[in-house]
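Take a look at the structure set out below.
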2 protein chains.
Amino acid sequence: MDNNLDLFFAAIADPTRRAVVERLVEGPASVSELHAPHQMALPSFMKHLGKLEEAGLVRSVKSGRVRTLHIEAAPLADAEAWLNRQRGQWSRRLDRLQALAEANEEVSQ
Amino acid sequence: MDNNLDLFFAAIADPTRRAVVERLVEGPASVSELHAPHQMALPSFMKHLGKLEEAGLVRSVKSGRVRTLHIEAAPLADAEAWLNRQRGQWSRRLDRLQALAEANEEVSQ
DNA sequence: GAGATTGTTATCCATTTGGCTAAGTTACGC
DNA sequence: GCGTAACTTAGCCAAATGGATAACAATCTC
């Protein structure tokens with residue numbers, strides 16, 4: 001029911017950020033670990049991390065000079081729920097249509 | 001496995017466009033029907049419809065002067081699958097951690 | 001066939017996004 | 001305490017986004 005789906009979906013619309021998520025579901029990681037596989041300059045990359053955190057998809061704590069990020073499962077579930085609701089609605093509609101079609105067949109027999 | 005998740009997630013990151021999707025899962029509708037509940041000017045609104053179609057979430061056919069849009073279920077399912085994979089991975093990790101913790105308890109008893 | 005409906009095309013504009021470099025700051029490690 | 005590692009801040013830039021208006025095109029309806 002809560003609505004930061006805007007930020008969430010915007011966050012995972014970017015391939016770099018989806019890659020970060022795919023890494024983080026394996027477990028927490030530091031900024032440089034996350035950055036390593038990506039070409040771009042660190043400050044650019046940090047902006048992506050910022051978006052993820054802003055969307056509530058990721059949390060982070062800094063200890064000493066290293067910041068460790070971990071994923072937050074709840075928003076993933078919320079977004080999945082929204083998608084699932086839409087698909088559910090759509091398929092309920094298909095069912096109704098099919099029922100209607102069958103009823104019509106009976107009549108015309 | 002196909003990867004237009006970029007466009008798909010970007011498409012549903014916007015509240016106007018999510019509202020359109022929520023309407024379209026109830027059944028097809030014309031441009032003006034879809035536009036009616038929204039404040040914005042029609043050309044602005046049409047850009048949103050364009051994004052949805054570009055993302056493959058929506059198809060449309062024009063007959064006479066009215067264009068009718070309907071939703072395409074497959075991309076919804078693909079996106080849901082991606083989210084579900086991430087959550088799955090994350091919870092598998094939690095399970096491993098818990099197993100580890102329990103193993104440790106046994107040792108220390 | 002005149003007028004209203006329903007889209008469409010063409011511009012314009014401010015803001016956001018996603019990249020960069022350069023120059024800090026903070027904490028280890030020797 | 002010096003140097004390096006690990007971010008962080010500031011500022012620049014081009015392109016994309018999300019809105020607007022104005023004018024056009026096509027098709028119903030009377």
Side-chain angles (χ1 to χ4, degrees), chain A residues 3-24 26-71 75 79, chain B residues 3-24 27-72 75 79:
Chain A
N3 240 20
N4 38 6
L5 287 182
D6 285 32
L7 288 180
F8 177 88
F9 283 130
I12 60 172
D14 183 280
T16 299
R17 292 190 296 254
R18 277 203 308 284
V20 169
V21 169
E22 286 170 354
R23 166 63 187 77
L24 282 179
E26 310 282 352
S30 73
V31 170
S32 3
E33 278 168 357
L34 291 171
H35 174 236
H38 300 277
Q39 296 294 110
M40 87 190 57
L42 186 54
S44 313
F45 185 72
M46 297 276 302
K47 281 202 205 171
H48 288 294
L49 298 184
K51 290 275 177 71
L52 287 169
E53 197 153 5
E54 196 188 346
L57 232 183
V58 146
R59 296 287 167 83
S60 73
V61 265
K62 189 160 185 181
S63 150
R65 54 184 173 170
V66 27
R67 176 174 299 278
T68 301
L69 309 236
H70 62 95
I71 207 158
Chain B
N3 239 19
N4 39 4
L5 287 182
D6 285 32
L7 288 181
F8 177 88
F9 283 130
I12 60 173
D14 183 281
T16 298
R17 293 190 297 252
R18 276 203 308 284
V20 169
V21 169
E22 285 171 355
R23 166 63 186 78
L24 282 180
S30 75
V31 169
S32 3
E33 277 168 357
L34 291 171
H35 174 236
H38 300 278
Q39 296 297 110
M40 87 190 59
L42 186 53
S44 313
F45 184 73
M46 297 276 303
K47 280 204 209 170
H48 288 294
L49 298 184
K51 290 276 177 72
L52 287 170
E53 198 154 5
E54 197 188 346
L57 232 181
V58 147
R59 296 287 167 83
S60 74
V61 266
K62 190 161 184 180
S63 149
R65 53 184 173 172
V66 25
R67 175 174 300 279
T68 301
L69 308 236
H70 62 96
I71 205 156
E72 198 68 29

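Proteins get letters first, then strands, A, B, ... in listed order; numbering begins at 1 in each.
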Out of curiosity, A/His70 NE2 to A/Ser60 OG, how far, rounded to the nearest 0.5 Å?
7.5 Å
Report, one pair per line, the protein and nucleotides 20-28 of chain C atoms (nitrogen or oxygen only) whose separation is under 3.5 Å.
{"from": "C/dC20", "atom 1": "OP2", "to": "A/Ala41", "atom 2": "N", "distance (Å)": "2.8"}
{"from": "C/dC20", "atom 1": "OP2", "to": "A/Ser44", "atom 2": "OG", "distance (Å)": "2.7"}

Roughly how many Å is it from CZ in B/Arg67 to C1' in C/dT9, rounded to a whole number?
13 Å
For the residue pair B/His35 and B/Phe45, does the interplanar ring angle fall in the parallel (under 30°), tilted (30 to 60°) or perpendicular (over 60°) class?
tilted
Is there side-chain contact between A/Leu57 and A/Ile71, with at least one heavy-atom pair below 4.5 Å?
yes
Please report the shortest heavy-atom distance between B/Gly56 and B/Pro75, naming the atom on each side.
O-CG, 3.3 Å
Would you compute the distance between atom NE2 of A/His38 and atom NE2 of A/His48 and round it to the nearest 0.5 angstrom?
8.5 Å
Extract from the structure each pairing of a protein N or O with an N or O of nucleotides 15-17 of chain D at less than 3.5 Å, listing the distance.
none

Taking atom CG of B/Leu24 and atom CZ of B/Arg59, what is their separation to the nearest 0.5 Å?
13.5 Å
Round to the nearest Å and state the distance from B/Asp14 atom CG to C/dT15 atom P.
18 Å
Phosphate OP1/OP2 of D/dA6 contacted by A/His35 side-chain N/O (<4.0 Å)
no
Could you give the CZ-to-P distance, from A/Arg18 to C/dG18, as a whole number of Å?
12 Å
Reported CG-to-CD distance for the pair B/Asn4 and B/Glu54, which is rounded to 0.5 angstrom
10.5 Å
How long is the line joining CG of A/Leu49 and C1' of C/dG18, in whole Å?
13 Å
Would you kindly give the CG-to-C1' distance between B/Leu52 and D/dG18, to the nearest whole Å?
14 Å
Which whole-number value in Å describes the distance from B/Asp6 CG to C/dT17 C1'?
14 Å
Atom pair CD (B/Glu53) and CE (B/Met46), whose distance is rounded to the nearest 0.5 Å
9.0 Å
Interatomic distance, A/Leu7 CG vs C/dT16 P [rounded to whole Å]
13 Å
Backbone of B/Ile12 reached by a side-chain donor or acceptor of B/Arg17 within 3.5 Å:
no
